[in-house]
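Heavy atoms only: backbone and side chains are in, while hydrogens, waters and symmetry mates are out. On a predicted model such as this, the values are computed, not experimentally measured, just so you know.
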Amino acid sequence: LYTSGGTDAAPATATYARNGTSLLVAGLVRSLANNSELDLTGANEVVITGLVYVDGANSDLRIQSSSLIYIDGWVKAQDQILINPTGVENGMSLIITPFGRVESLAAHATADPLQTGNPYQIGIAGAGRVEIDGVLEALAPGADISIQADNQVLVNSAVSANHNIFLDGG
């Protein structure tokens, strides 16, 4: 993969993607649709170093991987976010780096059905260790955050919710 802006005289620089990376978002992925879900899925690692925006009203974001999910960019949705790494790489399932940010911006509309498998504003379920070194927030009225790991949950920075925060380390 290459970043944009290259020419024949000055090629674009390579964007880091290791072998075993199924999905790399180094630019912008943006959904503007209302009442929809943006689903980012990879059989191997999912790496987000760019921007993922779900800007439609009542629209959800789902990030899934059978391996590690690595977030070093900005991820935001107007409604619910589910992050579900079902595999483990070197003991880790999810890393949100100090430069990573995950935000749910608006309250879930009661008339809107809940995201399948996620009764929380932000739900994280990891098969291994879940490490939060960046910002994780759901500040809309009544917003809950749930972080569950089969191994260990490490919060090294800020997790903020307007309502409940549930942490469950294995």
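Under the 4.5 Å side-chain criterion, counting only non-hydrogen atoms from C-beta, S31 is in contact with S36. V75 places a side-chain heavy atom less than 4.5 Å from the side chain of L61. D79 is listed as a side-chain neighbour of Q121, based on a closest heavy-atom distance under 4.5 Å. Residues V159 and I165 are in side-chain contact: their nearest non-hydrogen atoms beyond the backbone lie under 4.5 Å apart. Here the side chains of V25 and V47 are not in contact, with every heavy-atom distance at 4.5 Å or above.
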Run the side-chain donor-acceptor check on residues 126-140: report pairs under 3.5 Å with partners two or more places apart or on a different chain.
from: R129; atom 1: NE; to: Q152; atom 2: OE1; distance (Å): 3.4
from: R129; atom 1: NH1; to: Q152; atom 2: OE1; distance (Å): 3.4
from: R129; atom 1: NH2; to: E131; atom 2: OE1; distance (Å): 3.3
from: D133; atom 1: OD1; to: N156; atom 2: ND2; distance (Å): 3.1
from: E137; atom 1: OE2; to: R101; atom 2: NH2; distance (Å): 3.1

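There is a path of hydrophobic side-chain contacts, each under 4.5 Å, that joins I69 to L40. Each of L154 and L94 belongs to its own hydrophobic cluster when Ile, Leu, Val, Met, Phe, Trp and Tyr are linked at side-chain heavy-atom distances under 4.5 angstrom. V153 is connected to I63 through a chain of hydrophobic side-chain contacts under 4.5 Å among Ile, Leu, Val, Met, Phe, Trp and Tyr, so both are in one cluster. Hydrophobic clustering, with ILVMFWY side chains joined whenever heavy atoms are under 4.5 angstrom apart, groups I81 together with L23. By the criterion of side-chain heavy atoms lying less than 4.5 angstrom apart, applied directly or through intervening Ile, Leu, Val, Met, Phe, Trp or Tyr residues, L38 is not grouped with W74; the two fall into different hydrophobic clusters.
Atom OG of residue S160 and atom CD1 of residue I145 lie 7.0 Å apart, to the nearest 0.5 angstrom. If you take CG on L51 and CG on L28, they are separated by 5.5 Å, rounding to the nearest 0.5 Å. Going from atom CD1 of I124 over to atom CD1 of I83 covers 4.5 Å, rounded to the nearest 0.5 Å. Taking CD of Q80 as the start and OG of S104 as the end, the distance is 7.5 Å to the nearest 0.5 Å. Of the inter-residue distances, the one linking D168 atom CG with S146 atom OG reads 7.5 Å to the nearest 0.5 angstrom. Taking CD1 from I147 and CD1 from I122, the interatomic distance works out to 8.5 Å, rounded to the nearest 0.5 Å.
Heavy atoms only, all atoms of each residue included: L82 and R62 are closest at CD2-NH1, 3.0 Å. Shown here for A43 and S66, the closest heavy-atom pair between the two residues is O-CB, 3.0 Å. S22 and G42 get closest at one heavy-atom pair: CB-CA, 3.7 Å.
Side chains of Q148 and D150: a donor-acceptor N/O pair is present below 3.5 angstrom, by distance only.
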For Q78 and N58, what are the C-alpha separation, side-chain angles and deciding distance, and is it a side chain to side chain contact (heavy atoms under 4.5 Å, CB included)?
-> CA-CA 6 Å; Q78 290 299 320; N58 298 319; over 6 Å; no

Residues K76, D55; criterion side chain to side chain contact (heavy atoms under 4.5 Å, CB included); working and verdict = CA-CA 8 Å; K76 70 172 183 165; D55 287 332; 3.5 Å; yes

Between S67 and E45, does a side-chain hydrogen bond (donor to acceptor under 3.5 Å, both in side chains) hold up when you go through it step by step?
-> CA-CA 5 Å; S67 183; E45 287 184 3; 5.1 Å; no

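With hydrogens and angles ignored, the 3.5 Å screen pairs no side-chain donor or acceptor of N164 with any backbone N or O of D144. Put simply, the side chain of N162 never gets that close to the backbone of A143: no donor and acceptor are under 3.5 Å apart. Side chain of T21 to main chain of L24: no donor-acceptor pair is present (N/O by atom type, distance under 3.5 Å, no hydrogens or angles). Although no hydrogens or angles enter the test, the distance criterion places no donor-acceptor pair under 3.5 Å between the side chain of S93 and the main chain of L68.
Using cut-offs of 30° and 60° on the angle between ring planes, the pair F166 and Y120 is tilted.
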